[in-house]
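All remarks here apply to the structure that follows.
Chain identifiers are assigned alphabetically (A, B, ...) following the order of the sequence lines, protein sequences preceding nucleic acid strands; residue numbering begins at 1 within each chain. Predicted model only: the values in this text are computed from it and were never measured.
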Amino acid sequence: MPGPHGAKDIHKNINSSTCALSACSASTSTELQPLMAPISSTHDKTAENGKEENPEKPRSRMQRSRSCLLKAISYFAGDMQPFAKWMQKQFFLLQLLDWVLRGAAQVMFVNNPLSGLIIFGGLILQNYWWALNGFVGTLFATISALIMQQNRGAIAAGLYGYNGILVGLLMAVFSNAGDWYWWLLLPNIFMSMICPILSSALASINSRWDLPVFTLPFNILVCLHMVATGHYNHYFPQVLIQPRSQLPNLTWSEIDVAKLFRSVPVGIGQVYGCDNPWTGGMFIISLLISSPITCAHAVLGSAIGMVSGLALAAPFEDIYFGLWGYNCVLACIAIGGMFYALTWQVHLLAIVCGFFCAYLGSAIANIMSTFGLPACTWPFCLSALTFLHLTTETKKIFKLPLAKVTYPEKNLGFFWNMKKEEKKERAEQEKEEKERQQRATEQEMVLSEKEQLRIHLEKMEEGNVDCSVSESDSERSLDSVVEDTGSKEEVKELSDLDQVIYADCA
Amino acid sequence: MPGPHGAKDIHKNINSSTCALSACSASTSTELQPLMAPISSTHDKTAENGKEENPEKPRSRMQRSRSCLLKAISYFAGDMQPFAKWMQKQFFLLQLLDWVLRGAAQVMFVNNPLSGLIIFGGLILQNYWWALNGFVGTLFATISALIMQQNRGAIAAGLYGYNGILVGLLMAVFSNAGDWYWWLLLPNIFMSMICPILSSALASINSRWDLPVFTLPFNILVCLHMVATGHYNHYFPQVLIQPRSQLPNLTWSEIDVAKLFRSVPVGIGQVYGCDNPWTGGMFIISLLISSPITCAHAVLGSAIGMVSGLALAAPFEDIYFGLWGYNCVLACIAIGGMFYALTWQVHLLAIVCGFFCAYLGSAIANIMSTFGLPACTWPFCLSALTFLHLTTETKKIFKLPLAKVTYPEKNLGFFWNMKKEEKKERAEQEKEEKERQQRATEQEMVLSEKEQLRIHLEKMEEGNVDCSVSESDSERSLDSVVEDTGSKEEVKELSDLDQVIYADCA
Amino acid sequence: MPGPHGAKDIHKNINSSTCALSACSASTSTELQPLMAPISSTHDKTAENGKEENPEKPRSRMQRSRSCLLKAISYFAGDMQPFAKWMQKQFFLLQLLDWVLRGAAQVMFVNNPLSGLIIFGGLILQNYWWALNGFVGTLFATISALIMQQNRGAIAAGLYGYNGILVGLLMAVFSNAGDWYWWLLLPNIFMSMICPILSSALASINSRWDLPVFTLPFNILVCLHMVATGHYNHYFPQVLIQPRSQLPNLTWSEIDVAKLFRSVPVGIGQVYGCDNPWTGGMFIISLLISSPITCAHAVLGSAIGMVSGLALAAPFEDIYFGLWGYNCVLACIAIGGMFYALTWQVHLLAIVCGFFCAYLGSAIANIMSTFGLPACTWPFCLSALTFLHLTTETKKIFKLPLAKVTYPEKNLGFFWNMKKEEKKERAEQEKEEKERQQRATEQEMVLSEKEQLRIHLEKMEEGNVDCSVSESDSERSLDSVVEDTGSKEEVKELSDLDQVIYADCA
């Protein structure tokens, strides 16, 4: 039986599939998704270009095969929008399966059924019974959301399923009744069906600050189940978790470096409560498929957790077992590009958040053990919410509006586009400002010329001026004025003045 | 002395007496309060009808006596508004007594002094000393609210008293110093007087989501007192509560079915910390007087709690003692008709909330016992707040605005009225829409006729038309146009056209 | 080494130096700061007066020396705005030192670098190592706030430093590794640098209710560090704190009255975790320098804590050690004049809050000891936030807008000014109302006179009136009307009437 505090957990990605603002995504995809969907958009472009001219005809084979590959990638990377659209016309049960798979992947903020499929593969590799419980949890959570008439877009993005899979998995992981204890499915189904209610309730609180609910429903419900029944229960006994009451043995000479490195994938596996490094590896692949940035931050987070564990004198077994990693994995993903647009500052912030999360993880694990509870993903939820609450005067740390969150690459596109438009607007404003200034200067020049003419006129009226000179002079000045401003009325006025002059001269 | 974790508890009904929107209540009472106040309104109607005609003269004796009975009921059922109005002109101490009695009943969301009186009767039946402490608590909480200059309407509805009675009662119930330990009145008075401050503070938070504070102030203050002094205290020792540390004995053959059924009224009694089934019975009667829906949900809640206890392998003693019931009682009342308008969907939601509350109750009891604390009514507060935070896209689950909450029957009236008005509005809108469409069609017809005339005219100008025919034709068409639209200007225009035609012909 | 639960703590004063509304402060200082800055403003006044007349010339020596003294005081009392302005032009490191000193004093809501200097003196008197840790904490918290680009005004007021000093100090106080364990500086610096992030995050929540974050970041971070490492840790062991498990020995005959009285300054010292009464005395002086009201409430709070400890049968050692005092000190300061404008009602509220805070302190200490944690300043934070959430219908309890909070004396000035303006407005409104009424009365009088004239006229037309009489009569009445109203038009109308009369007569 896997260890007691076996990790657990996950969160909430509000990349509601409904919010894919078409206008933005079109322009975005052409610029920013070097890996995801560049080909489809390039195709569009070339198709358009093709009508007018066909300059890229002598394409090499290499290029073609590369473009074919990228096109293929574009169909299963990112959030697989084309697939989601295609699914909308399919049989209901197929749709439901799509939602369940997306729900399984949403634990890692990934809205991708293929990733979900790989994750389920990893779970089966770990333990059949756990995988079954996870599937039941996701399924019933999604069904319950349908019954409660929650937002269809959110359901289709798997946002009501990810808490369900964690509830199902972790209830099985922490059960002391052994595998294939079928009665466990009863509380599993009940708790999964409560998930959407709790998600909805927490969202109505968190939405005040435009924040997601992460895996709070899962944390609450699994802790609820575990502490309600406890270790000493006839029907649903839980594994025994007790607080530390003596100095752990810590001999640096006994450290196993191989296991230490293996703790990185294990830490990613512990997000779903799995301690099998191969399972963790499959999870890494599932992340890579959808979003390389997410994948990189997941690995980074797990490494940060391992280092923190060593720094805080944690027992080596806990570190090997991945207990220091899974919260940092999620925190790093959430901060590093998912809810903030990825810049260097945000990347640093994600690393700081990872260390803070590891610290918090140790603290929460110690507190929860007093009640016989595991830490679940409370540390991730609390640290990520704290860092998302941050307000600062720098523009380099930009929190995306929750409705615009999809996946790091697309978020980055949204951010860049926004900045570009801002720049354009600013440039336009500056241009306008400049033009206004120029016009004002010209106006002044015109006025001063008029003034000169008037002075001229006054002088002429005094009879001291040579007419022939004045004529040519005024003619020239008038021309220049017309060229400069093009304002006919003023010119008219000026020529009236001139005519007075001519008349006077005449 | 009754057991330690003896339940306790209550909540908050914001049926501020001030919000009895007169317009609504008048129309409401005639339709929806079959039991409450139908006679008085029927009387009004018959009086009105009587002036015009008197068709109901030959009333049978049966009918009359029935109407008398209903009228009598209308005076003490519901929230007893007529009594509250009459009270406003009475001596201050009498008013205060009214508020204290209403406060005692508000624990169960009932705004009714008669229910309060019966509840105090039940408490006296249970234990004189507890009843005294409860009375002192309610009294000082109400006085403190007056001193703090809180809203008079809320005070008069007992909304500042119900936390006081629970604080007073439960501090006596959990005191280890024995009955008639007079010093206990000191912390009792202090804590009761803090109640309105805490209520006001929590209300300023919860009001952001238009939610009541329920019994949160009581929960906080009693836990505060108990944990501040603890079991090992010279002045105010508390009963010893310890976490479970071994498997409880659970033999199904030893189950006592009679006790199991008796646990339903005991569970209702435990809302006030009483384990006497007769006391619970009196509480049921007090609920029935004010609102049958509330009463039904209270009994349902207690039964749900009992079933949950059996399902989660709780020790039978705890179930018999009503510890599994009281939170579910309150949660079922709150969800089932009090803060949501009662529909079938809401009724099911109340049942789900009851089960969730029982689960949560077990969890919280286990956690609190680590600190030597009872569960108080935390489970009810948290589960009800969670379920009230729920947002959904269905209109069948309608959360009443807090200012309109009174009692389930009246709430239902408010909801039905609202729906009726919505329907009416929609019907009117549809009617308008139809009329507009019809008008548009007619307009088009007119325009097309005008068009025909113009074409006619053009043809005439070409000299190919027979004048006599055109004249009668245009005459006819003009008449029909006038009938259709009545728009004089167009007709004028048309006749101008005609005159041109005539002139042309001439 | 001082005891384990050694107090600790503090809070947040949002007297952002930026908000010193110049308009208000000018008028305020002349009226309300009898001690702070009256001379400077008096000088301004006398200077102004001096131009017109010089009535105060024959000033006695006594007066002059007194004014000099007051002027000197004005430079280092209150929030030392002139010094802050002077500092803005200095070298960055000097500025940073100013911010650090202000941060040290902000623990007690005092924005004054001199107080900060005295406080550091007190800390050095207590323990060099602790003082060093406190300094490091303040320094790095301030630097981190600069890096995170937080509000400059808030940084300059020390609002990002006070959590840092507490984190640094208390991590040293509760460390079980002994003094001069240099590794401790690592977590110290990490936690201090997290402070501004947590402050910013909490502020974004609390600002919804216009409330400060107090010392919540410190509470969270120190508890985090302590529970993450725990007593059984190889690198960062914490002192062992365990829950009470038996009746403490409590013999009233053994009470030491001298120690009891000494517990008042010790309680103030425990705000910074110091148990040296002389250190506490220095803290009192540092408060007195800046704001006598703050100082008085601090002493009052410590006394309230001591009395509460005796009332709740606390072990005498805890009381002597100041553990019952420090939270009440802070709560009394916060409520008594800092965030509410000081009136008698608010003073009473501060006392009630003090008692509530002591009660809460005992409760939280017992709960936290289960996890091996001290109470920190959670009791202060929670009780002060509760009492600041209070809403009431009386105008005597006025919560200052957070942006206007400075120090009690200035807050009081703001409140008085506001009230004066309100009064003026009300007086003006009343005056206008009166004038309007008077005008209306006069209008009526004029109208009635006109009416009389008309009646007169009508009678004349009937030929029954003697013209000579009417003439003089109408003349007189006209004059009186002119005197009363001065409205020429009506008079004109009237004289038209008269002329008609005259004409008629003629």
Side-chain angles (χ1 to χ4, degrees), chain B residues 144-155 160 176-177 183 186-187 189-191 193-209 213 216-217 220-238 240 242-243 367-373, chain C residues 205-206 208-211 243-252 308-316 324 335 345 348-349 351-371 375 379 382-397 399:
Chain B
S144 168
L146 286 170
I147 294 172
M148 304 295 302
Q149 300 210 6
Q150 299 296 307
N151 181 278
R152 263 298 170 104
I155 295 174
Y160 284 100
N176 209 17
W183 287 108
L186 280 182
I189 290 171
F190 180 74
M191 284 299 177
M193 294 191 78
I194 295 286
C195 264
I197 295 177
L198 216 57
S199 290
S200 168
L202 290 169
S204 97
I205 296 172
N206 281 13
S207 64
R208 291 282 159 124
W209 291 273
V213 299
L216 284 175
I220 293 170
L221 290 175
V222 161
C223 287
L224 194 62
H225 171 72
M226 287 188 70
V227 86
T229 52
H231 182 64
Y232 303 107
N233 190 286
H234 283 275
Y235 303 164
F236 307 110
Q238 308 299 325
L240 186 62
Q242 282 182 315
I367 286 179
M368 302 291 266
S369 66
T370 312
F371 310 108
L373 288 175
Chain C
I205 296 172
N206 280 13
R208 291 282 159 125
W209 290 272
D210 202 32
L211 289 176
R244 200 190 299 163
S245 57
Q246 59 183 35
L247 263 182
N249 193 16
L250 200 75
T251 325
W252 275 90
S308 305
L310 294 176
L312 289 174
F316 293 141
W324 280 80
I335 302 296
Q345 288 85 344
L348 288 175
L349 197 69
I351 292 173
V352 173
C353 184
F355 279 108
F356 180 69
C357 182
Y359 227 120
L360 192 61
S362 174
I364 288 179
N366 285 342
I367 287 178
M368 302 292 266
S369 68
T370 312
F371 308 109
L382 298 181
S383 60
L385 285 177
T386 302
F387 275 71
L388 287 175
H389 261 302
L390 180 69
T391 50
T392 157
E393 291 179 354
T394 173
K395 283 187 175 177
K396 298 289 180 182
I397 297 178
K399 190 170 150 286

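Both the backbone and the side chain of Y235(B) come within less than 4.5 Å of a heavy atom in chain C. With a threshold of 4.5 angstrom between heavy atoms, L221(B) approaches chain C through side-chain atoms but not through N, CA, C or O. The parts of I197(B) that come within reach of chain C are both its backbone and its side chain, each placing non-hydrogen atoms under 4.5 angstrom from that chain. For T370(C), the part lying near chain B is the side chain, with the backbone staying farther off; criterion is any non-hydrogen pair under 4.5 Å. Contacts between H231(B) and chain C at a heavy-atom distance below 4.5 Å are absent for every atom of the residue. Contact annotation for M226(B): neither backbone nor side-chain heavy atoms come within less than 4.5 Å of a heavy atom of chain C. Contacts of L385(C) with chain B are absent, with no heavy-atom separation under 4.5 Å from either backbone or side chain. Within the 4.5 angstrom heavy-atom criterion, no atom of A314(C) approaches chain B. Both the backbone and the side chain of I205(B) come within contact range of chain C, judged by heavy atoms closer than 4.5 Å.
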Item to complete: Starting from the C-alpha separation in whole Å, work towards a yes-or-no answer on side-chain contact (heavy atoms from CB on, under 4.5 Å) for N233(B) and Q238(B).
Response: CA-CA 8 Å; N233(B) 190 286; Q238(B) 308 299 325; over 6 Å; no

Item to complete: Evaluate the criterion side-chain contact (heavy atoms from CB on, under 4.5 Å) for residue pair L224(B) and F356(C); output intermediate values, then yes/no.
Response: CA-CA 10 Å; L224(B) 194 62; F356(C) 180 69; 3.5 Å; yes

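Two residues are said to be in side-chain contact when any heavy atoms from C-beta on lie closer than 4.5 Å; T386(C) and L360(C) fail this criterion. Here the side chains of L211(C) and K399(C) are in contact, with some heavy-atom distance below 4.5 Å. When side chains are defined from C-beta on, I155(B) counts as touching L146(B), because their heavy atoms get closer than 4.5 Å. The shortest side-chain heavy-atom distance between I194(B) and V352(C) falls under the 4.5 Å cut-off. Put simply, the side chain of W324(C) reaches to within 4.5 Å of the side chain of S362(C), judged on heavy atoms.
Around CH2 of W183(B), the count of heavy atoms belonging to other residues, nucleotides or ligands within 6.0 Å does not exceed 12.
Ranked by heavy-atom pairs under 4.5 Å with chain B, the list I397(C), L390(C), N366(C) is led by L390(C). Chain B forms the most heavy-atom pairs under 4.5 Å with one residue out of P248(C), S245(C), P243(C), and that residue is S245(C). Of the listed residues (R208(B), M148(B), Q150(B), H225(B)), the one with the most heavy-atom contacts under 4.5 Å to chain C is R208(B). Considering only heavy-atom pairs separated by less than 4.5 Å from chain C, the leading option among P196(B), A201(B), P187(B) is A201(B).
S383(C) places no side-chain N or O within 3.5 Å of a backbone atom of C353(C) that could act as its donor or acceptor partner.
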